[in-house]
Amino acid sequence: LKAAELGAAQIIAASLVLLLFDDAGAKRPGDAVVEMSKLKVNVKWGKEAFNDIEVDLEQSPMVFKSQLFTLSGVPPDRQKVMIKGGLLKDDEWGKQVPKEGATIMLMGSADAKPVEAPKDVPKFVEDLPESEQNSLETKAYGSGLQNLGNTCYMNSTVQCLYAIEPLRAALTNYKSSAGYDLSAKLTAATKELFSDLQQGGEAFAPYKFLLTLREKFPQFGQTGEGGTFMQQDAEECWTNLVYTLREKVQDGAGSSLPDQLLGVGTRLKLTCEESGEEFQEDSKMYMLKCNISQEVNHLHEGLLLGLKDDRERHSEKLGRTALFKGSSVLTSLPEYLTVQMVRFFYKVEVRQKAKVLRKVSYPLELDVYDLCSPDLKAQLDPPRAALKAWKDEQVEAAKRAKGAAAKSAAGGEAQAADSSAAPAAPPGGDVEMSDAAAAGPSSSSSSSLEGALTGKFELCGVLTHKGRSADSGHYVAWIKQKDGRWVLFDDDTLTFKKDEEILALCGGGDWHMAYLLLYRAVKVPAGAPAPAAATGSGATA
């Protein structure tokens, strides 16, 4: 039987040779077209890759999808095949004709596979692929995101939002609602993307999230000359994402979690100088503005300028439009405070957003106490005093420990006669003080203030822009990790940075400069002592 099969195969091969060559032994004219219709491509599916897959362009795309089904287990009806930024159809190649050696993205979930034997085989670092070796050190801090064509604005925005741990935790419990709801679809895509980031390791392509973002907000799918996707404004991406999540992500009580995490209560008070009329309005915003003028050199000055508001409105007393002047104060604070450095303005003559390059410094710890209303200041006074008392206690404890160590070293060098004369005097006192400090907070500790907001915020994320226009250039994210290390997320590349490098992103040149700042609230720690007096102090530590 095998011999018969072999003979049949030889006959078929000989027939093909006769078809390919004419009587003179030359190739037939159509053969070049046949050969050109076949090429090899690489397919990326999640974190898996299939290389040198042969594609026959003379066949229907469904044949190629069947090949992908064999390799990945994803049925053709579930497959989304991305070629040249578009989805491949089932019946024709259209504009999605691949080129030799091109990388094609496959999305879709595979059918359940039979249980396989364990594959926990020990692996050594030198045996891992180079891409995995490069991500070993940064794996604990998440993953990079591949740039899919001017999508750095989205990648940096996602990395900053991912740094908000309560939001990340709430998304793990999110369940998408039934029906065609684009907000729910984008929230579910964000949940899936955050889950992939949490696994850490090699960078990956966020295709599903990008497609859903463009479906919900078509402006992020704008194309320029040549059909390439245009660069977008990271602040616009941040704002649209936050408002979408605000609709869908809730806490245990059914309230909007982004409202609590990012919402800033404000009260605007305006006065008309001509009539003496006053106008007051309460509102909530999700980002403070740092306006930049020739007089602004520091973040705090820009925030004060951003809270000023002069507007024209109808005056009842004057019976006409008049100028009202005033400013806003903060009436409630969030756990995460977002600040936009207003560096872009629309330049009419060039019809694009130009950039303000002026250097504006910002601190690693921001205090917004003087931006708050009198009522909010009264609420913040006790927590601020408790935080200051706790910090003072830590300083004193450090001094006592240092003194005890010095005395212990001196005691070892003293003569035996001197040490025997008073064996328990100074050392005994020091030990008792150390024991008291180690015993924890005294009965005067104020447990009711634990976790209270203080009006102080620590910098935990910076989104920067390099370039002269918001619609061009490059965006990256700088995120502070739990262990205090700063990590730069430059699309698919992660790099460790230092505090001084973060503070150097304040502008003044063509280098990366801060565009969005993310601050995390400093709260009263556990064991903080109750303040002796905390009325109108605004105590700083």
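Since the model is a prediction, treat every value here as computed from it, not as a measurement.
- There is no side-chain donor-acceptor pair under 3.5 Å between S195 and Q199.
- Under a 3.5 Å cut-off, the side chain of T228 and the backbone N or O of G224 do not form any donor-acceptor pair.
- A salt bridge (charged side-chain N to carboxylate O under 4.0 Å, His left out) with D367 is found for exactly one of K456, K388, K377, namely K456.
- We find that D309 and R311 are joined by a salt bridge, their nearest charged nitrogen and carboxylate oxygen being less than 4.0 Å apart.
- Residue A188 comes nearest to S176 through the heavy atom pair CB-CB, 4.3 Å, listed as atom of the first residue, atom of the second, then distance.
- A cation-pi contact, defined as under 6.0 Å to the ring centre and within 45° of the axis, is absent between R168 and F194.
- Using a distance-only test at 3.5 Å, with no hydrogens or angles considered, no donor-acceptor pair links the side chain of R246 to the main chain of G263.
- Within a 6.0 Å sphere centred on CD of E500, other residues, nucleotides and ligands contribute more than 12 heavy atoms.
- Judged by the 6.0 Å and 45° rule, R313 forms a cation-pi pair with F279.
- For the side chain to side chain donor-acceptor pair (under 3.5 Å) with T464, the lone residue among W478, Y475, Y515 that qualifies is W478.
- A cation-pi arrangement is found for R214 relative to F229, the charged atom lying closer than 6.0 Å to the ring centre and inside a 45° cone about the ring normal.
- When all heavy atoms of P383 and T454 are compared, the pair lying nearest together is O-CG2, 4.0 Å.
- Counting all heavy atoms, side chain and backbone alike, E335 lies closest to F457 at O-CE2, 4.3 Å.
- Just one residue in the list L161, T190, I164 forms a side-chain contact (heavy atoms from CB on, under 4.5 Å) with L171, and that residue is T190.
- The two residues P206 and L193 make their nearest non-hydrogen contact at CB-CD1, 4.0 Å.
- Side-chain contact check for E277 and S315: at least one donor-acceptor pair (N or O, by modelled atom type) lies under 3.5 Å.
- Between R267 and T331, the shortest heavy-atom distance links the atoms CB-CG2, 3.7 Å.
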* Would Y141 and F489 satisfy ring-ring contact (aromatic ring centres under 6.0 Å, His included), going step by step from the backbone distance to the final call? -> CA-CA 10 Å; Y141 306 108; F489 291 83; 8.4 Å; no
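- Atom SG in C506 sits 11.5 Å away from atom CG in L299 (nearest 0.5 Å).
- More than 12 heavy atoms of other shown residues, nucleotides or ligands fall within 6.0 angstrom of atom NZ in K47.
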* Report the C-alpha separation of L459 and Y519 in whole Å, then their side-chain angles, then the decisive distance to 0.1 Å, and conclude whether the side-chain contact (heavy atoms from CB on, under 4.5 Å) test is met. => CA-CA 4 Å; L459 188 65; Y519 283 92; 3.7 Å; yes
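- When every heavy atom of A386 is checked against every heavy atom of L449, the shortest pair comes out as CB-CD1, 3.8 Å.
- The backbone N or O of D251 sits nowhere less than 3.5 Å from a side-chain atom of S255 that would complete a donor-acceptor pair.
- Side-chain polar atoms of K289 and Q340 form a donor-acceptor pair below 3.5 angstrom.
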